[in-house]
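I have a structure I would like to understand better, so I am pasting it below and will then ask my questions one at a time.
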Amino acid sequence: MVNPTQSPARVVFAAPGSGQGKTTAVTGLLGALRRRGDRVAPFKVGPDYIDPGYHRLAAGRTARNLDPVLVGADRIAPLLHHGSAGADIAVVEGVMGLFDGRIGADEEIAFGSTAHVAQLIDAPVVLVVDAKGQSHSLAALLHGFRGYRPQVRVAGVLLNRVGSARHEEVLRSAADNAGLPVVGAIPRTDDLEVPSRHLGLVTAVEHGAEALRAVEAMTDVVERSVDLDAVTALARTAGDLPGPAWDPAAEVRPQGRPVVAVAGGHAFSFGYAEHVELLEAAGAEVALVDPLRDERLPERTAGLVLPGGFPEQHASALSANTALRNEIRAFATSGAPVHAECGGLLYLGEELDGEPMCAALPARAAMSQRLTLGYRDAVAATESPLFAEGTRISGHEFHRTATEPGHGRAPAWFWRGPSGAHREGFVHGGVHASYLHTHPAGNPGSVARFVMRCLR
């Protein structure tokens with residue numbers, strides 16, 4: 001039985017850069033640990049919503065994000081403690097390369113990087129390396145990563161895309177020269193590919209049965225190729241986590257019992273688990289609604305959350321659900337509180353790629369050739385059901401669509417970037433709609449404010 005007051009065993013899987021196979025390796029590892037009876041808690045560094053969907057399928061447990069930029073460095077260890085309750089081991093997948101973090105930061109270890117998170121949770125790091133096309137050079141690469149910032153404990157290597165038994169032998173020798181143990185060697189195979197599109201992998205919820213089969217295939221390969229005992233032994237070398245577990249009930253107080261509808265399903269799958277936990281801690285009764293299937297909002301809906309996702313992939317089907325579109329338009333124009341992020345913004349507009357949407361906002365959206373990506377230090381430009389004017393937050397943009405206009409007469413956000421001042425999003429009656437993703441654990445007051453507005 002796991003003692004909830006003890007620090008969980010934990011290990012971070014990082015890589016020299018993107019495209020090394022972290023998601024495949026970590027998803028397969030989660031499945032393999034679960035298959036042998038371990039209770040495993042999955043985490044992802046950064047703001048990514050897609051990888052955690054595959055983690056959840058593999059682990060059979062809610063996957064959570066660890067992002068110091070969005071929630072603050074002091075909340076990372078408590079959030080990991082919270083998300084690991086009852087688990088035997090926590091497995092953290094990194095983002096990009098081990099030391100890649102927020103651009104422009106002056107710190108010795110870039111803020112928000114996998115290395116930064118590994119420090120904050122005092123966990124060993126296993127480096128996932130795509131070994132295709134290299135042999136002895138692996139030793140130099142590992143020496144470099146191990147010695148670059150010694151305070152980040154690179155403790156092992158997981159070889160990926162290994163071509164043959166001989167190739168593995170040479171790679172293991174190179175790792176030994178670098179002083180790092182090899183915890184596994186995953187063979188080169190084309191059977192582990194998951195379909196991708198303009199913003200990365202197809203989400204697990206959309207991929208359906210194919211996602212389950214992909215996760216099973218990853219689990220099978222990792223089970224054959226990785227020393228699970230070596231991984232768990234490394235995880236047990238993690239130090240003690242500082243402070244208690246994060247507790248949503250300590251962040252907000254119950255306000256009442258309004259019904260808050262939260263959109264989900266294939267088109268709106270981008271949300272953080274802590275958002276629902278905070279809504280419930282603030283007293284809300286959370287009811288799910290799928291805009292692709294449900295023709296009515298839940299009974300007694302007093303507030304609506306429309307998270308991000310891929311509505312652009314389902315525009316025709318969303319448009320065909322005229323009954324729900326009309327009800328949401330009436331709900332939004334009545335002044336009721338609506339929180340819409342990214343995909344939710346697109347759904348509230350007049351049209352998306354020519355398909356009629358809810359028409360609750362005076363904006364039209366379409367696919368763009370330009371990828372908009374990055375963190376933003378933003379200021380609330382307009383008083384809203386979520387934020388007082390002047391509130392400062394850190395958010396993240398990630399989209400390949402654009403709205404016309406890009407902001408309303410009352411913008412949601414203001415920030416300064418390399419190109420100068422920028423206004424974005426819409427505050428329209430009770431609607432707060434924006435491309436900017438925020439993490440409620442970093443802004444719990446916004447959730448309490450939203451629920452209080454629902455009671456009106």
> Got a donor-acceptor contact below 3.5 angstrom from the Lys44 side chain to the Val92 backbone?
Replying inline: no
> How long is the span from the NE2 atom in His116 to the OG1 atom in Thr114, to the nearest 0.5 Å?
Replying inline: 11.5 Å
> Side-chain contact, heavy-atom cut-off 4.5 Å: Ile393 with Leu436?
Replying inline: yes
>> Quick check for you: to the nearest 0.5 Å, what is the distance between Asp51 atom CG and Thr27 atom OG1?
In response: 7.0 Å
> Of all heavy-atom pairs between Ala58 and Arg34, which one has the smallest distance, and what is that distance?
Replying inline: O-CD, 3.2 Å
>> Under a 3.5 Å distance rule, please check whether Ser446 uses its side chain to pair with a backbone N or O of Phe387 as donor and acceptor.
In response: no
>> Walk me through whether Arg188 and His167 qualify under side chain to side chain contact (heavy atoms under 4.5 Å, CB included).
In response: CA-CA 11 Å; Arg188 198 176 305 163; His167 188 204; 4.2 Å; yes
> Hey, what's the ring geometry for His275 with His339, parallel, tilted or perpendicular (30° and 60° as the breaks)?
Replying inline: tilted
>> Check whether Asp88 reaches the backbone of Arg39 with its side chain - one donor and one acceptor, N or O, closer than 3.5 Å.
In response: yes
> Do Asn443 side-chain atoms and His439 backbone N/O form a donor-acceptor pair below 3.5 Å?
Replying inline: yes
> Does Glu397 reach the main-chain N or O of Gly374 with its side chain, forming a donor-acceptor pair under 3.5 Å?
Replying inline: no
> With no hydrogens and no angle check, is any side-chain donor or acceptor of Ser113 less than 3.5 Å from a backbone partner on Ala110?
Replying inline: yes
> Do any N or O atoms from the side chain of Asp130 and from the backbone of Gly21 form a donor-acceptor pair under 3.5 angstrom?
Replying inline: no
>> So, taking the atom named CG in Leu29 and the one named CE in Met218, what distance separates them when rounded to the nearest 0.5 Å?
In response: 12.5 Å
> Are any non-hydrogen side-chain atoms of Val260 and Phe450 less than 4.5 angstrom apart?
Replying inline: yes
>> For the residue pair Glu251 / Trp246, report whether a side-chain donor-acceptor contact shorter than 3.5 Å exists.
In response: yes
>> What I'd like to find out is whether the side chain of Leu171 reaches to under 4.5 Å of the side chain of Val182, using heavy atoms alone.
In response: no
> Any side-chain heavy-atom pair from Leu373 and His396 closer than 4.5 angstrom?
Replying inline: yes
>> Tell me whether the count of non-hydrogen atoms from other residues, nucleotides or ligands lying under 6.0 Å of CZ in Arg172 goes above 12.
In response: yes
> So, do Val125 and Phe145 sit near enough that their side-chain heavy atoms are less than 4.5 Å apart?
Replying inline: no
> Are Tyr375 and Trp415 close enough, and set up right, to give a ring-ring contact (aromatic ring centres under 6.0 Å, His included), and what steps lead you there?
Replying inline: CA-CA 11 Å; Tyr375 289 110; Trp415 66 77; over 10 Å; no
>> Is there a side-chain contact between Arg36 and Asp229 in this structure, where contact means two heavy atoms from C-beta onward sitting under 4.5 Å apart?
In response: yes
>> For Glu424 and His422, which I'm curious about, is there any donor-acceptor pair between the side chains at under 3.5 Å?
In response: no
> Picking from Phe398, Phe270, Tyr49, what satisfies ring-ring contact (aromatic ring centres under 6.0 Å, His included) with Phe310?
Replying inline: Phe270
> What distance separates Ile328 CD1 from Leu306 CG, expressed to the nearest 0.5 Å?
Replying inline: 5.5 Å
> Glu274 and His82: side-chain donor and acceptor closer than 3.5 Å?
Replying inline: no
>> With side chain to side chain contact (heavy atoms under 4.5 Å, CB included) as the criterion, how do Leu241 and Arg10 come out once you've worked through the C-alpha distance, each side chain's angles and the decisive distance to 0.1 Å?
In response: CA-CA 10 Å; Leu241 282 175; Arg10 57 202 180 276; 3.7 Å; yes
> So, Arg364 and Glu404, do they make that salt bridge, N to O below 4.0 Å?
Replying inline: no
>> With a 3.5 Å distance limit and no angle check, can you tell me whether Asp38 reaches the backbone of Val40 through a side-chain donor-acceptor pair?
In response: no
> Hey, is Glu210 close enough to Arg213 for a salt bridge, meaning N to O under 4.0 Å?
Replying inline: yes
> Looking only at heavy atoms, which two atoms of Pro291 and Gly264 are closest? And how far apart?
Replying inline: CD-O, 3.6 Å
>> As a quick check of understanding, evaluate side chain to side chain contact (heavy atoms under 4.5 Å, CB included) for Thr401 and Ser368, giving each step before the final call.
In response: CA-CA 5 Å; Thr401 59; Ser368 167; 5.7 Å; no
> How many angstroms lie between CZ in Arg64 and CZ in Phe43, if you round to the nearest 0.5 Å?
Replying inline: 7.0 Å
> Could Asp220 and Arg35 be called an ion pair, given the rule that one side-chain N must be under 4.0 Å from one carboxylate O?
Replying inline: yes
>> Show the nearest heavy-atom pair for residues Ala317 and Leu292, with the distance to one decimal.
In response: CB-CD2, 3.6 Å
>> Between Glu341 and Ser434, does the side chain to side chain contact (heavy atoms under 4.5 Å, CB included) criterion hold? Intermediate values first, please.
In response: CA-CA 5 Å; Glu341 285 189 350; Ser434 165; 6.0 Å; no
> Would a 4.5 Å heavy-atom cut-off, applied to side chains only, mark Val262 and Leu279 as touching?
Replying inline: yes
> Which pair of heavy atoms, one from Ala77 and one from Ile121, lies closest together, and at what distance?
Replying inline: CA-CG2, 4.2 Å
> Counting only N and O atoms by type, is there a donor-acceptor contact under 3.5 Å from the side chain of Thr403 to the main-chain atoms of Ala365?
Replying inline: no
> Tell me, do Leu98 and Val154 make a side-chain contact under 4.5 Å, heavy atoms counted?
Replying inline: yes
>> Keeping Ser84 on the side-chain end and His81 on the backbone end, is there a donor-acceptor pair under 3.5 Å?
In response: no
> What is the minimum heavy-atom distance between Pro68 and Ile76, and which atoms define it?
Replying inline: N-CD1, 3.6 Å
> About how many Å separate NE2 of His143 and CG of Leu138, when rounded to the nearest 0.5 Å?
Replying inline: 10.0 Å
> Which atom names give the shortest non-hydrogen contact between Val11 and Ala235, and what distance separates them?
Replying inline: CB-CB, 4.1 Å
>> Can you tell me if Arg293 has over 12 outside heavy atoms packed within less than 6.0 Å of its CZ?
In response: no
